[in-house]
Amino acid sequence: RCCGSSKGIGEKERTLGIIKPDGFSGNYTDRIKQMVVEYGFNINREMVIQLDEELAAKFYAEHSSKSFFSSLIKYMTSGPVLVMILEKENAVAHWRDLIGPTDAGKAKLTHPQSIRAMCGVDLEKNCLHGSDSHQSAEREIAFFFKETPSDEAVEKHDEL
Ligand code: GDP
Ligand code: MG
């Protein structure tokens, strides 16, 4: 079963996707989910959550020294978000491809088929999050979702 700390050829991988407040409140959720499924992702788990400042700051800790940090936290706490575990082969890279570049304004010109081009606005309000590596994905999934001991037991058993 999906997914241990390493991944081999043909194995499924997980990534964390977030529909950010502008995407969620802008009625893009159904269209985004439709694209997710069309591109072969399985939505493993999902939840709607209103981030508070502390959670948002913890999630984006790597950017805490950046000039845009406080603006980013304000954006991410401005309304509920939809958090999803997305599963497929090469999920991390494929999800980043599908959402497009960070700057949604530029994405409209350079990556018109990307989801950020469809629902994002600019470098900050870009509608979506995607993990940037396999390691980040597993860390971010653990940040939002408790995986029960019985899940783990099933995984270990299936790997035998
Ligand atoms: P991502 O991995 O493509 O989401 O981009 P980053 O990890 O570099 O940045 C995290 C999030 O911070 C982005 O998705 C944007 O919402 C926001 N962001 C990134 N760079 C900037 C910037 O230069 N200015 C502002 N205002 N927001 C930014
Ligand atoms: Mg990032």
Side-chain angles (χ1 to χ4, degrees), residues 2-3 5-7 12-145 147:
C2 190
C3 298
S5 55
S6 62
K7 76 184 166 77
K12 295 209 172 177
E13 184 184 41
R14 305 189 300 178
T15 192
L16 188 85
I18 303 178
I19 303 179
K20 295 181 177 183
D22 52 335
F24 191 72
S25 67
N27 286 322
Y28 288 106
T29 304
D30 288 348
R31 258 192 282 173
I32 292 169
K33 280 190 172 175
Q34 205 177 319
M35 291 173 84
V36 163
V37 172
E38 266 170 28
Y39 278 81
F41 292 92
N42 183 46
I43 303 175
N44 227 324
R45 294 175 69 176
E46 60 182 316
M47 73 170 162
V48 175
I49 181 175
Q50 167 68 55
L51 297 177
D52 62 17
E53 284 189 14
E54 193 184 339
L55 262 185
K58 230 174 156 181
F59 182 73
Y60 276 125
E62 64 174 310
H63 295 307
S64 60
S65 62
K66 308 271 172 69
S67 58
F68 60 81
F69 187 66
S70 60
S71 176
L72 173 62
I73 300 311
K74 201 171 159 203
Y75 164 46
M76 289 301 293
T77 57
S78 65
V81 299
L82 179 76
V83 186
M84 304 173 285
I85 300 179
L86 303 175
E87 184 186 279
K88 85 189 285 272
E89 263 180 58
N90 265 319
V92 170
H94 284 173
W95 179 238
R96 298 277 302 192
D97 277 353
L98 181 58
I99 68 178
T102 305
D103 188 334
K106 285 190 183 155
K108 289 179 197 294
L109 303 172
T110 62
H111 296 72
Q113 307 298 329
S114 68
I115 312 184
R116 277 170 166 168
M118 172 185 77
C119 63
V121 178
D122 56 26
L123 179 54
E124 180 172 273
K125 294 186 174 49
N126 57 11
C127 182
L128 291 158
H129 169 79
S131 310
D132 64 8
S133 70
H134 183 73
Q135 286 72 23
S136 305
E138 289 301 316
R139 174 171 41 78
E140 292 175 357
I141 287 168
F143 182 88
F144 283 109
F145 296 95
E147 301 192 270

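In listed order, ligands and their atoms are each counted from 1. Bear in mind that the values here come from a model prediction, so they are computed numbers and not experimental data.
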Please list every donor-acceptor pair under 3.5 Å in which a side-chain atom of residues 54-65 meets a protein atom from a residue at least two apart or in another chain.
{"residue": "Tyr60", "atom": "OH", "partner": "Lys20", "partner atom": "NZ", "Å": "3.4"}
{"residue": "His63", "atom": "ND1", "partner": "Lys66", "partner atom": "NZ", "Å": "2.8"}
{"residue": "Ser64", "atom": "OG", "partner": "Ala61", "partner atom": "O", "Å": "3.0"}

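Two residues are said to be in side-chain contact when any heavy atoms from C-beta on lie closer than 4.5 Å; Leu86 and His94 fail this criterion. With a 4.5 Å cut-off on side-chain heavy atoms, Lys106 and Pro101 do not count as touching. When side chains are defined from C-beta on, Lys33 counts as touching Leu82, because their heavy atoms get closer than 4.5 Å.
Here the closest non-hydrogen pair linking Glu13 and Val92 is OE1-N, 3.1 Å.
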Between ligand 1 and the protein, which N/O pairs are shorter than 3.5 Å?
{"residue": "ligand 1", "atom": "2 (O)", "partner": "Arg96", "partner atom": "NH1", "Å": "2.8"}
{"residue": "ligand 1", "atom": "3 (O)", "partner": "Thr102", "partner atom": "OG1", "Å": "2.5"}
{"residue": "ligand 1", "atom": "3 (O)", "partner": "Arg116", "partner atom": "NH1", "Å": "3.3"}
{"residue": "ligand 1", "atom": "3 (O)", "partner": "Arg116", "partner atom": "NH2", "Å": "3.4"}
{"residue": "ligand 1", "atom": "4 (O)", "partner": "Arg116", "partner atom": "NH2", "Å": "3.2"}
{"residue": "ligand 1", "atom": "5 (O)", "partner": "Thr102", "partner atom": "OG1", "Å": "3.4"}
{"residue": "ligand 1", "atom": "7 (O)", "partner": "His63", "partner atom": "NE2", "Å": "2.8"}
{"residue": "ligand 1", "atom": "9 (O)", "partner": "His63", "partner atom": "NE2", "Å": "3.3"}
{"residue": "ligand 1", "atom": "14 (O)", "partner": "Lys20", "partner atom": "NZ", "Å": "2.9"}
{"residue": "ligand 1", "atom": "14 (O)", "partner": "Asn126", "partner atom": "ND2", "Å": "2.8"}
{"residue": "ligand 1", "atom": "16 (O)", "partner": "Lys20", "partner atom": "NZ", "Å": "3.2"}
{"residue": "ligand 1", "atom": "16 (O)", "partner": "Glu124", "partner atom": "O", "Å": "2.7"}
{"residue": "ligand 1", "atom": "26 (N)", "partner": "Glu124", "partner atom": "OE1", "Å": "3.1"}

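Environment of CD in Glu38: crowded, with over 12 heavy atoms of neighbouring residues, nucleotides or ligands closer than 6.0 Å.
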